[in-house]
Structures are given as structure tokens and as C-alpha cells.
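These notes concern the structure reproduced below.
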Amino acid sequence: MTDIELMSADELEELARLRLTPAVYDYVAGGAGDERTLAANREGFERLRLRPRILTGVSRVSAEATVLGMPLAAPVFVAPMGGPAHDLVHPDGVRAAAGGAADAGVGYMVSASSVDTLDLPGGAGRVCQVYVVDREATARLIAEAEGLGYGAVCLTADVPVPALRRRNVRHGVARAAPGRGSVHEGGFANHASYARPATWDDVAWLRSLTGLPMLLKGVMTAQDARLAADAGVDGVVVSNHGGRQLDRALGTIEVLPEVVEAVAGRAAVLLDGGVRSSTDVALALALGADAVGIGKAVMWALAAGGRAGVAGFLRSLVTDLVRTLTLLGVGSVAELGRNHVDGRHAPPTQTS
Ligand SMILES: Cc1cc2nc3c(=O)[nH]c(=O)nc-3n(C[C@H](O)[C@H](O)[C@H](O)COP(=O)(O)O)c2cc1C
């Protein structure tokens, strides 16, 4: 085991904090408003506990899963994060992060509107995440992703306006990361990329544009989950943008059960926000998620060790997930269920 493989996400974050400038560290770590939702993502997980079953006789344990046709070593994706953020964190940037995810056999969601190229390491586990502002430019991106063998596309819908992120303002970072724009700009340069809020019409348009599985990211209510399934999306991502958009939104793990119930198997359910360890992954899967996304923790691994750092962190997450499954008494992620979660400290969520 390398040093990085042995490090927890918290330890990686501490190492990254020492290496990065305060402006870059805060750009990645910070949230919107008073950062209540940023905290809620973690608190939601902290309130939950796992319920192990014993003597189940499992011996051959695997974390492998196929998510929307994408075969993965575990149902884990790196969440989409703007390309410039990667570059600020490590000189090898997005390429190193995507390579590390591929090395570990997990999925990688590329924030397409802010990278120079979609031609990144990885296979069918790559997901092209877009914002729809300029349909022509978005269509070009999707066509490129299809040509490169991406496994899915993802529309992020929780950024109708950029949120107030005080840490960035204090560091003089107006909205997004300082740094370059994108060759994919074609009408939606980094700075204009949220100029028009997306609507359900955009969802229908994107749905009609591609035969690839389509995810809708930013779903935080049963109502929107139902509308998403009605609109024919293949998966919803329960996400509050890592606490970076609407402050005082619930933590994602708190919302997950109502979304799973509302979707009722009509679409896959993914979750991101606050996932730091294999036990977080197991909790989310047990509560009905088909896969999870990890954002900031991967950035800390990137800062700590580039591609090898990301691969090391994600590999040890997968290995540890196998161990966690074994300790829970199950042989696969599909066998996880609500009976493996003790929610007695979790507040009830609204399901209507
Ligand atoms: C630096 C940074 C940049 C991000 N950029 C994007 C983006 O371009 N598109 C998007 O859909 N989400 C973006 N997000 C949100 C993540 O995809 C994800 O929802 C969130 O980070 C998950 O929470 P976690 O960081 O606690 O794991 C970004 C997050 C961070 C930390």
C-alpha cells in the first residue's frame, strides 16, 4: 500500500491544504452562503450507521457493477468539476484525474464546457456533463463524446445563476476559478456559461439529441425526480452541487430515500455530496442509490499525487468497499438494502 492509498479523505484534504494557495484550496472546499448545505452533506452521512449481518457465508465478494451500461469496478464516479479547477490543483489537470479514475476502474464525469478536449483517458465509464446555453455548441460536444465512446451524457440543472461563494469573493475570484476558458466555448465561454437558466424544454431537446444514456444532475425533490423520469431521462443525480449552489438545501443523503421512492425504478438514481469513504458509498447504495459521485475528495487526491494520487485514493476506496461489503455480510452491491442502515438518528424527510 502506498502512502496515499493509506490516507483517508480528511488526511488527503489536510495535505492538499498545505500544498495549495488559500485561494485555490477555498475555491474547491468552499460552499454557497453560510455553507450550511456544505455541512449538511457530511452531517447527513454522520447521522447514519451500518447494520452488519453475520454468518452469512459470503466468500466471493465483488463491488463490480454495471451502471447504465457502463461496467465499473464499483458503482463510483468522479463528479464533474470544472477543468480550470483541476489545473489549479495540479499541473496535469483533468487528464491526470480522468487517468486516475480509469486506472482504478471507476467512472469519470467530465465537465465538458470547461476542458480543452474531451479526448481524455478512460473508456465507456466516461460521462460528458454539459450545461445547455448554446444548443449548437452543446450538440457539438455531445457528438464528440459519442465519437470518443463515452458511456453517457449528463445535464446539470442546478446553476440557473452562480451562487454567492463568499470565500471566492474574499480571494478576489469573481465567480469561477481563475484561469483559462475553453476551446469548446463556441458561444458559451466559461464566464457566460450560466447566462441562460435551463428548462424542461432543454431536457427534452437533449433527450432527443442523443442515444446515449442521459443523466439529469441537481435533482433534490421527489417532484422533480418524477418529472425527470416522465421526461425519459435514464438517471437522476441527487446533488446540491456539493453545497455550492442553494444554501440551506438538505444534505443529499437525506433526500435520497424520497427520490428513490418517487422514481420507482423508472430511472437510475445516483447521488453526490459529502461522499468521502467506502462506508459512505455503502450507506448511499443501501438507501437505494445505484451509484455515487465523489467531487472534492478526488481533488484532494489530485493535489496530493496527480494521476497516481487519484488512482491510489480510488483504488483503495474500491478495495475498502469490498471489505465493507464482506463485513456487512453481502457478496455484492446489489445485495445492499435499507435493512443495512440504521437511521434512528436521521430526521424524517418530506416525501410528498
Ligand atoms: C471545484 C468544483 C467544481 C465543480 N464544477 C462542476 C461542474 O462544472 N459541473 C457540475 O455539474 N458540477 C460541478 N461541481 C459539483 C460536483 O459535480 C459535485 O456535485 C460535488 O462536488 C459533490 O460533492 P463533494 O464535493 O462533497 O463530493 C463542482 C464541484 C467542485 C468542488
Side-chain angles (χ1 to χ4, degrees), residues 9-10 12-13 16 20 23-32 35 37-46 76-90 93-94 97 107-115 127-133 141 153-160 162-163 165 167-168 173 175-179 181-182 184 188 190-191 193-194 198 215-220 236-246 249 251-253 255 270-277 280-281 284 289 291-303 313-314 317:
D10 287 353
L12 286 169
E13 176 168 356
L20 301 173
V24 171
Y25 171 78
D26 280 336
Y27 175 70
V28 176
E35 302 193 337
T37 297
L38 176 69
N41 279 345
R42 275 308 309 155
E43 286 160 10
F45 278 105
E46 293 301 344
V76 171
F77 290 83
V78 176
M81 290 177 283
H86 291 76
D87 292 343
L88 294 166
V89 163
H90 193 276
V94 174
Y108 188 85
M109 299 195 187
V110 182
S111 177
S113 48
S114 57
V115 291
V127 177
C128 173
Q129 178 264 314
V130 295
Y131 297 103
V132 179
V133 175
L141 280 174
V153 301
C154 173
L155 172 64
T156 295
D158 57 6
V159 192
R165 299 186 193 152
R167 296 200 213 191
N168 292 353
V173 182
R175 185 196 64 75
S182 152
H184 283 305
F188 61 116
N190 221 11
H191 297 286
S193 58
Y194 313 119
L215 294 163
L216 182 65
K217 180 168 178 278
V219 172
M220 285 292 286
V236 296
V237 186
V238 177
S239 175
N240 50 36
H241 220 97
R244 299 162 79 83
Q245 282 302 109
L246 176 65
T252 51
I253 195 75
V255 174
L270 285 73
L271 168 143
D272 71 27
V275 177
R276 311 274 285 196
S277 66
D280 295 334
V281 177
V292 303
I294 305 180
K296 290 182 275 288
V298 172
M299 281 295 194
W300 306 139
L302 180 65
F313 170 66
L314 292 171
L317 187 83

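Just so you know, ligand 1 is whichever comes first in the structure, and atom 1 is the first atom listed for that ligand.
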Please test Ile294 against Leu317 for side chain to side chain contact (heavy atoms under 4.5 Å, CB included), starting from the C-alpha separation and ending with a verdict. CA-CA 11 Å; Ile294 305 180; Leu317 187 83; 3.5 Å; yes
Check each of [options] against [atom] and report the one with the nearest heavy atom.
{"atom": "atom 19 (O) of ligand 1", "options": "Asp272, Val130, Val24", "result": "Asp272"}
{"atom": "atom 28 (C) of ligand 1", "options": "Gly30, Ala79, Pro80, Gly295", "result": "Pro80"}
{"atom": "atom 7 (C) of ligand 1", "options": "Phe77, Tyr131, Tyr27", "result": "Tyr131"}

Taking only heavy atoms of [X], which atoms of ligand 1 are found under 4.0 Å from at least one of them?
{"X": "Lys296", "result": "24 (P), 25 (O), 26 (O), 27 (O), 31 (C)"}
{"X": "Thr156", "result": "10 (C), 11 (O)"}
{"X": "Val28", "result": "31 (C)"}
{"X": "Lys217", "result": "10 (C), 11 (O), 12 (N), 15 (C), 16 (C), 17 (O), 18 (C), 19 (O)"}
{"X": "Gly273", "result": "22 (C), 23 (O), 26 (O)"}
{"X": "Met81", "result": "2 (C), 3 (C), 4 (C), 5 (N), 6 (C), 28 (C), 29 (C), 30 (C), 31 (C)"}
{"X": "Gln129", "result": "7 (C), 8 (O), 9 (N), 10 (C), 11 (O)"}
{"X": "Ser239", "result": "19 (O)"}

Taking side chain to side chain donor-acceptor pair (under 3.5 Å) as the test, write out the residues that go with Asp158, two or more places apart.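 Asp158 satisfies side chain to side chain donor-acceptor pair (under 3.5 Å) with His241 only.
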Donor-acceptor under 3.5 Å ([X] side chain, [Y] main chain):
{"X": "Arg165", "Y": "Gly30", "answer": "no"}
{"X": "Asn41", "Y": "Thr252", "answer": "yes"}
{"X": "Lys217", "Y": "Pro80", "answer": "no"}

Answer yes or no: is there an ion pair linking Arg42 with Asp280, defined by an N-O contact shorter than 4.0 Å?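 Counted as a salt bridge, because a side-chain N and a carboxylate O are separated by less than 4.0 Å.
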For Phe45, give me all partners under ring-ring contact (aromatic ring centres under 6.0 Å, His included), at least two apart in sequence or on another chain.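 Counting only residues at least two positions away or on another chain, Phe45 forms no ring-ring contact (aromatic ring centres under 6.0 Å, His included).
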Return a yes/no value for Ile294: is any of its N or O atoms, backbone included, closer than 3.5 angstrom to an N or O of ligand 1?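 By distance alone, the answer is no.
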Please indicate whether any nitrogen or oxygen in Ala85 is less than 3.5 Å from any nitrogen or oxygen in ligand 1.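 Ala85 vs ligand 1: no N/O contact under 3.5 Å.
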Is the NZ or CZ atom of Arg276 both under 6.0 Å from the centre of the six-membered ring of Phe313 and within 45° of that ring's axis?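 Judged by the rule, Arg276 and Phe313 form no cation-pi pair.
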Of all heavy-atom pairs between Arg244 and Ala163, which one has the smallest distance, and what is that distance?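 Looking at all heavy atoms of both residues, the shortest contact is O-CB, 3.3 Å.
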Does Asn41 reach ligand 1, in the sense of a heavy atom lying below 4.0 Å from it?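 Under 4.0 Å: no for Asn41.
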